[in-house]
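The structure appears below as structure tokens.
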Amino acid sequence: MSTPVKLLRAVPLTADAFRPFGEVIETDNASEIRLINKGTTTRFHDIAPVDVSSEGGRPLISIFRGKPFTLPVTITMLERHPLGSQAFVPLSPRPYLVVVAHDEDGRPGAPLAFLAADGQGVSYARSTWHHPLIALGDVSDFLVVDRGGAGDNLQEFDLPEPFALEA
Ligand SMILES: NC(=O)N[C@@H](O)C(=O)O
Ligand code: NI
């Protein structure tokens with residue numbers, strides 16, 4: 001008899017819970033709030049670092065257009081970017097899923113899943129294990145800030161067993 005696929009259930013994304021993996025990009029997580037432009041604009045300052053200069057890297061701004069996944073999502077691999085951080089800010093008004101894991105001697109530990117909602121963005125710290133973009137509901141656009149330049153900035157790891165990810 002085949003062993004059942006392990007369930008991975010997402011929990012609501014919060015800055016505190018995500019802190020070991022990077023930052024949640026939302027106004028509540030700003031280091032400082034500044035009134036600028038003669039009071040016409042509020043700057044929610046320094047929410048997340050852009051850590052891309054390793055080995056001569058440069059920052060890139062891209063747009064990722066993600067096709068929606070059907071739940072449950074089968075999670076079979078994780079990846080990480082050893083040379084730079086990677087930030088995703090949703091441009092479409094819908095939730096999406098974030099899967100991360102602690103590093104355990106160069107391999108990902110047990111995955112953790114978060115449901116990002118209400119426009120929350122995430123910035124994966126350099127070398128943080130994560131699953132590639134998981135959009136939900138409809139085709140979704142994300143502004144992505146990550147590293148460009150030479151060097152191998154992608155390490156992928158096939159998990160020893162799959163997980164069934166539920167929102
Ligand atoms: N490959 C790529 O640029 N995307 C992944 O890194 C991802 O996290 O979605
Ligand atoms: Ni990535």
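It should be emphasised that the depicted structure is a prediction, and the values quoted were computed from it without experimental measurement. Read the numbers this way: they start at 1 and go in the same order the structure lists the ligands and their atoms.
- Using cut-offs of 30° and 60° for the angle between ring planes, the His102 and Phe21 rings count as tilted.
- Contact annotation for Tyr124 and ligand 1: no heavy atom of the residue comes within less than 4.0 Å of the ligand.
- Proximity of Ile75 to Ile134: side-chain heavy atoms (C-beta onward) are separated by under 4.5 Å at one or more points.
- Note that CG of Asp141 is 4.0 Å distant from CZ of Arg65, once rounded to the nearest 0.5 Å.
- The Ni ion (ligand 2) has Glu79 OE2, His81 NE2, Gln86 OE1, His130 NE2 as protein N, O or S atoms under 2.8 Å away.
- You'll find the ring centres of Tyr96 and Phe142 inside the 6.0 Å limit.
- Between the side chains of Glu79 and His130, a donor-acceptor pair is found at a separation under 3.5 Å.
- Using a 4.5 Å cut-off on side-chain heavy atoms (C-beta onward), Leu60 and Val52 make no contact.
- Close approach of ligand 1 to His130 is summarised as follows: ligand atoms under 4.0 Å from at least one heavy atom of the residue are 8 (O).
- Less than 4.0 angstrom separates some heavy atom of His81 from each of these atoms of ligand 1: 6 (O).
- Between Tyr124 and Phe18, the two ring planes are tilted [angle within 30° to 60°].
- Between Glu23 and Pro49 the shortest side-chain heavy-atom distance falls below 4.5 Å.
- Within 4.0 Å of atom 8 (O) of ligand 1, at least one protein heavy atom is present.
- At a 3.5 angstrom cut-off on N or O pairs, Leu133 counts as close to ligand 1.
- Atom 3 (O) of ligand 1 has Phe64 CZ, 3.4 Å as its closest protein atom, hydrogens excluded (heavy atom only).
- Counting only heavy atoms of the protein, atom 1 (N) of ligand 1 lies nearest to Glu79 OE1, 4.8 Å.
- For the pair His81/Arg147, no side-chain contact is recorded, criterion being any heavy-atom separation below 4.5 Å from C-beta on.
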